[in-house]
Trainee: 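Quick one: the structure is below, questions incoming.
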Amino acid sequence: MSENLPEAHGASHGTDVATHGDPFADPGLPAHEPRRTDIDERAAKRAERQVSLLFVVSMLATVGFIASYASIDADKIVYIFPLGHVSALNFALGMTLGVALFCIGAGAVHWARTLMSDHELPAERHPIEADDDVRNDVIEQFKTGAAESAFGRRKMIRNTLIGSMALVPLSGVVLLRDLGPLPEKKLLHTGWVEATANKPIKLVNMNTDQPMKPEDIVQGSLTFAKPEGLEESAEDFQQKIAKDALMLIRIAPEDIKDTKSRDKGFEGILAYSKICTHVGCPISLYEQQTHHALCPCHQSTFDLADGARVIFGPAGHPLPQLKITTDEQGFLVATGDFDEPVGPSYWERPR
Amino acid sequence: MSSASGTNSASKPASTRAKPANKAEAAVDWVDGRLGLYSLAKANLRKIFPDHWSFMLGEICLYSFIIIILTGVYLTLFFKPSMAETVYHGTYLPLNGIKMSEAYASTVNISFEVRGGLLIRQIHHWAALVFVAAMFVHMMRVFFTGAFRKPREINWLFGFLLLCLGFFDGFFGYSLPDDLLSGTGIRFMEGAILAVPIVGTYIQMFLFGGEFPGTDIIPRFFTIHVLLIPGIMLGLLVAHLILVFYHKHTQWAGPGKTEKNVVGMPLMPVYMAKAGGFFFLVFGIIAAMSAIATINPVWAYGPYRPDQVSTDAQPDWYMGFAEGLIRFMPGWEISVWGGHTLNLGVFIPLMIFPLVLVAIAVWPFIESWVTGDKREHHILDRPRNAPVRTAFGAAWIALYLVLLVGGGNDLFATHLHMSINTITYAVRVGFFVVPVLTFIVTKRWCLGLQRRDKEKVLHGRESGIIKRLPHGEFVEVHTPLAQKDLHTLTAHEQPQPLELPAETDENGVARKAGVITKTRVKLSEGFYGEGNQIAKPTTEEYHEITSGHGHH
């Protein structure tokens, strides 16, 4: 401590100190310089009034908050430049609350800065580490305790205790088992699995709920479809649509580069899973000229004219394609499931 | 019994304490008799706090956390964490008659029908963003000034855990309204979980209670978001603050400040007023921000459906670096062990994410191992005086920013009219190149600043006065620095790099340094070796220059 005190360095009289002794030595705490409010009572009075004014404004703002809550309708929309159309209640409540809180804070800080003492004081630090006596004493006490418990001597007790402590958390892990079912083959198939050659399932337009004929699908268009019978009101609609959703595109057959893909389609109409093979976002951005489909989440880009091959982005494999045809009435149908699981890949996914 | 009580009353005076002067003192005396208040307050009432604006950053974290808890409790009173389907019939007409979950419907209700509900939702979300941002900046302050060094390494870990938990709690909270954007975020999480080898599908089934999305995920997230994580965070936060109190604040080098003292103003009254007032300032500003700037307008996105998505699907910014990792990664998918799929395109980013975080967590231990420094440190380093540490931190921030660009590549593409592919390729290169370049540039910059400090100490400050010498030469007069400035600029330590032990021991027997020792010496050389720090001016140098010869 003492080497920090000014007298230890022959005090600090300006810059000439540097010429004798250690020029880099610590000159010690500088002398306190009074603020204006410390020496001018009028300035102090003014600061006092400013602090009080801030607190009064806060009180008024709280009254304004309560008045706004009671008098402004929740659905009232007003135009406020430059914010545009905003909820009047939200704006009034937020601004009054903001002012009420801010002024308390500003008042307190102003008070501390102008009127409370600003004398800097040193406080001593003590090392965090205990000194050797304390350390040795504690270790001795611990050894006594340990010896009295005979923990080290009675090995059988020690080992069985460790064993029981190691095993008991397993109960907690086991209890988590009923959080959910086992994966089994659930991710392998979609709702289209129920379609067979004898009992095909119609493709239904996602927006109109109507079955579709090939002539309904214009070349270069993108249509979203679901299996017939999957109603929005169904209990498990969300879970089903997460796998069953289709996108239908129609490409001039001669533009389809992948023959296997062409054969799965019908007259150039191709049905791909709408679920991205990266992490499962629905793909919905389609470029008519290039036949590229882009996932808006992570920009995986698929060439729908080439078997939905990945041409850019983080997806690891092409979009699964559903084989489609028409039934006797001429509606687009599927006669089976996708050849592979839809959506993001996983460990058990066959490759 | 009666005789016993009689004996007690006979030997009555139990306390020799003077009578309290007033009612308030009497009340405090009462509490002291039960809780030992005076002993508790003795050390703390006039506890000294050093003053520096950067010490407010931690306070912002604390206050925004309190605001989040206050507003969060309010929101739980109105929010229904249920995925049961309902049809909306409320005052927000565009959604009328639309099927949605109770979670989404109640969020819309809070926004449009509960008076003040929208404001509280906005304050909750804004405060969460401020909380994470403040934790980031607070952590940078601690890192760049070396405030994490002994005895504060454990508190660094507490802070690090708070930051990680903050990320995740933010993500869970963001997911709760079950709107189209947040549902997409949960879907992303599901895909990431499925990419985990061997156990991925099991974790997915157990977490979601079946296939995606199921009906359990929102209620489960709700419990995690409002109970599990905040509970842990509250515990960590209290421990963090107790340690701050126990260690006392760090301080900058300066006149009168040493490793053995702390210089500042007392808790009561100055810091009670300043810190207490600052809580209201933070709360007031967040409230005003929430009144002015709409955040997360879930009613505009619509309810979640797994087959629908909006463009610019974006997480909150603090998750942007994870999003960047996943976006720039090429789609590598390989087949292993006959028929099993390993989705490296998702799994690698999933692993880099925690590795980057762990690298930050263990830094204090790496640094003390390299330096071999086992002493306590309470005086802060100026970032320039620890060039390698500063360069490392800057490289980390640069990496973070590169990943943020990657995570928002769609926004950059639309706003800057650039090809999204180009941006992604640039991020792929930038991931490896930018941190290295930043490291090199920052280190050189720090060394330059050290040289300038040295120059200033030896030659003084430029005064702006031009003098003409008798023989016609013009010189600028330099004013010597005051001793307090000389001290401040030379107060820092300059550790020397470790050296390899002699090749033979004292008996002349050959002794080989192990790989670990060699690595340590190499790293130490990289930290403090030649070219990694500028030697401080010495007293001799100073005297030689200021003794008159060529003094200008």
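All chains are named by letter (A, B, ...) in the order of the sequence lines, taking the proteins before the strands, and each is independently numbered beginning at 1.
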Trainee: Let me know if A:L285 has heavy atoms under 4.5 Å from chain B in its side chain, its backbone, both or neither.
Mentor: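 For A:L285, the side chain is the part near chain B, not the backbone.
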
Trainee: More than 12 heavy atoms of other residues, nucleotides or ligands under 6.0 Å from CH2 of A:W111: is that the case?
Mentor: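 No, the 6.0 Å shell around CH2 holds no more than 12 heavy atoms from other groups.
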
Trainee: Answer with side chain, backbone, both or neither: which region of A:L83 has an atom nearer than 4.5 Å to a non-hydrogen atom of chain B?
Mentor: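 Just the side chain, heavy atoms under 4.5 Å.
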
Trainee: Is it the side chain or the backbone of A:D118 that comes within 4.5 Å of chain B heavy atoms, both, or neither?
Mentor: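 Its backbone and side chain both get close to chain B.
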
Trainee: Let me see the working for A:Q299 and B:R327 under side-chain contact (heavy atoms from CB on, under 4.5 Å), right down to the final yes or no.
Mentor: CA-CA 7 Å; A:Q299 293 85 42; B:R327 284 189 187 192; 3.5 Å; yes

Trainee: Which region of B:K248, side chain (C-beta onward) or backbone (N, CA, C, O), has a non-hydrogen atom less than 4.5 Å from a non-hydrogen atom of chain A, or is it both or neither?
Mentor: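 For B:K248, backbone and side chain are both near chain A.
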
Trainee: With sequence neighbours excluded, tell me which residues meet ring pair (Phe, Tyr, Trp, His ring centres under 6.0 Å) with A:F55.
Mentor: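 By the ring pair (Phe, Tyr, Trp, His ring centres under 6.0 Å) rule, A:F55 matches no residue at all.
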
Trainee: Does CZ belonging to A:R113 count more than 12 external heavy atoms closer than 6.0 Å?
Mentor: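 No, not enclosed.
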
Trainee: Which bit of B:T490 comes within less than 4.5 Å of chain A, counting heavy atoms only: side chain, backbone, both or neither?
Mentor: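 Contact with chain A is through the side chain of B:T490 alone.
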
Trainee: Of the backbone (N, CA, C, O) and the side chain (C-beta and beyond), which part of B:K150 lies under 4.5 Å from a heavy atom of chain A, both, or neither?
Mentor: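 The side chain, not the backbone.
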
Trainee: Which bit of B:S101 is near chain A, if near means a heavy-atom gap under 4.5 Å: side chain, backbone, both or neither?
Mentor: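 It is neither, since no heavy atom gets under 4.5 Å.
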
Trainee: Report yes or no: does A:R125 contribute a side-chain atom to a donor-acceptor pair with the main-chain N or O of B:N261 at less than 3.5 Å?
Mentor: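 Side chain of A:R125 to backbone of B:N261: a pair is present.
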
Trainee: Go through the atoms of B:F112 and report whether side chain, backbone, both or neither lie under 4.5 Å from a heavy atom of chain A.
Mentor: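 Backbone only.
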
Trainee: Need one label for A:A70: side chain, backbone, both or neither, based on atoms under 4.5 Å from any heavy atom in chain B.
Mentor: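 Contact with chain B is through the backbone of A:A70 alone.
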
Trainee: Check each atom of A:H110 against the heavy atoms of chain B and say whether the ones under 4.5 Å are side chain, backbone, both or neither.
Mentor: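 Contact with chain B involves no heavy atom of A:H110 at all.
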
Trainee: Is it the case that the side chain of B:R187 and the backbone of A:C281 share a donor-acceptor pair, with hydrogens and angles ignored and the cut-off at 3.5 Å?
Mentor: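 No.
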
Trainee: Got a sec: does the CD of B:E541 have more than 12 other heavy atoms crowding it under 6.0 Å?
Mentor: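 More than 12 within 6.0 Å, yes.
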
Trainee: side-chain contact (heavy atoms from CB on, under 4.5 Å) for A:E120 and B:I48? Distances and angles first, verdict last.
Mentor: CA-CA 9 Å; A:E120 279 206 319; B:I48 295 296; over 6 Å; no

Trainee: For A:E235, which atoms come within 4.5 Å of any heavy atom of chain B: side chain, backbone, both, or neither?
Mentor: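 It is neither, since no heavy atom gets under 4.5 Å.
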
Trainee: Considering only heavy atoms, which portion of B:Y202 lies under 4.5 Å from any heavy atom of chain A: side chain, backbone, both, or neither?
Mentor: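 Contact with chain A involves both backbone and side-chain atoms of B:Y202.
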
Trainee: Is chain B contacted by the side chain of A:S300, its backbone, both, or neither, given a heavy-atom distance below 4.5 Å?
Mentor: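 No part of it gets close to chain B.
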
Trainee: Decide if the gap between the ring center of A:F24 and the ring center of B:Y542 is smaller than 6.0 angstrom.
Mentor: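 Centroid distance A:F24-B:Y542: below 6.0 Å, so yes.
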
Trainee: Return the OG to CZ distance between A:S58 and B:F280, rounded to the nearest 0.5 Å.
Mentor: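 Between atom OG of A:S58 and atom CZ of B:F280 there are 8.5 Å.
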
Trainee: What's the separation between atom CD1 in B:I198 and atom CH2 in A:W347, rounded to the nearest 0.5 Å?
Mentor: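 One finds 5.0 Å between CD1 of B:I198 and CH2 of A:W347.
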
Trainee: Judged by atom type as modelled, is there a donor-acceptor pair below 3.5 Å linking the side chain of A:R349 to the main-chain atoms of B:L342?
Mentor: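 Pair absent, no side-chain N/O of A:R349 close to backbone of B:L342.
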
Trainee: Can you tell me which portion of A:L121 sits under 4.5 Å from chain B's heavy atoms? Options are side chain, backbone, both or neither.
Mentor: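 Its backbone and side chain both get close to chain B.
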
Trainee: Between B:V199 and chain A, which part of the residue has a heavy atom less than 4.5 Å away: side chain, backbone, both or neither?
Mentor: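 For B:V199, there is no contact with chain A at all, as no heavy atom is under 4.5 Å.
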
Trainee: Do side-chain atoms of B:Q483 reach the backbone of A:A25 as a donor and acceptor pair under 3.5 angstrom?
Mentor: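 Yes, because the side chain of B:Q483 sits within donor-acceptor range (under 3.5 Å) of the backbone of A:A25.
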
Trainee: Are any side-chain N or O atoms of B:D307 and backbone N or O atoms of A:A242, one a donor and one an acceptor, separated by less than 3.5 Å?
Mentor: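 Judged by distance alone, no pair lies under 3.5 Å.
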
Trainee: For A:K243, is it the side chain, the backbone, both or neither that has a heavy atom under 4.5 Å from a heavy atom of chain B?
Mentor: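 Just its side chain gets close to chain B.
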
Trainee: Quick check for you: to the nearest 0.5 Å, what is the distance between B:R305 atom CZ and A:F237 atom CZ?
Mentor: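 It comes to 3.5 Å.
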
Trainee: Determine yes or no for a side-chain-to-main-chain donor-acceptor pair under 3.5 angstrom, with B:E376 supplying the side chain and A:I128 the backbone.
Mentor: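 Yes: the side chain of B:E376 pairs with the backbone of A:I128.
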
Trainee: Taking the ring centre of each residue, are A:F312 and B:Y425 less than 6.0 Å apart?
Mentor: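 Yes: the rings meet the under 6.0 Å criterion.
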
Trainee: Can you list, pair by pair, the side-chain donor-acceptor contacts under 3.5 Å of residues 177-185 of chain A, counting residues two or more places apart and other chains?
Mentor:
{"from": "A:R177", "atom 1": "NH1", "to": "A:G180", "atom 2": "O", "distance (Å)": "2.8"}
{"from": "A:E184", "atom 1": "OE1", "to": "A:K186", "atom 2": "NZ", "distance (Å)": "3.0"}

Trainee: Heavy-atom count check: over 12 atoms from other residues, nucleotides or ligands less than 6.0 Å from B:K99 NZ?
Mentor: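 Atom NZ in B:K99 is crowded, with more than 12 foreign heavy atoms closer than 6.0 Å.
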
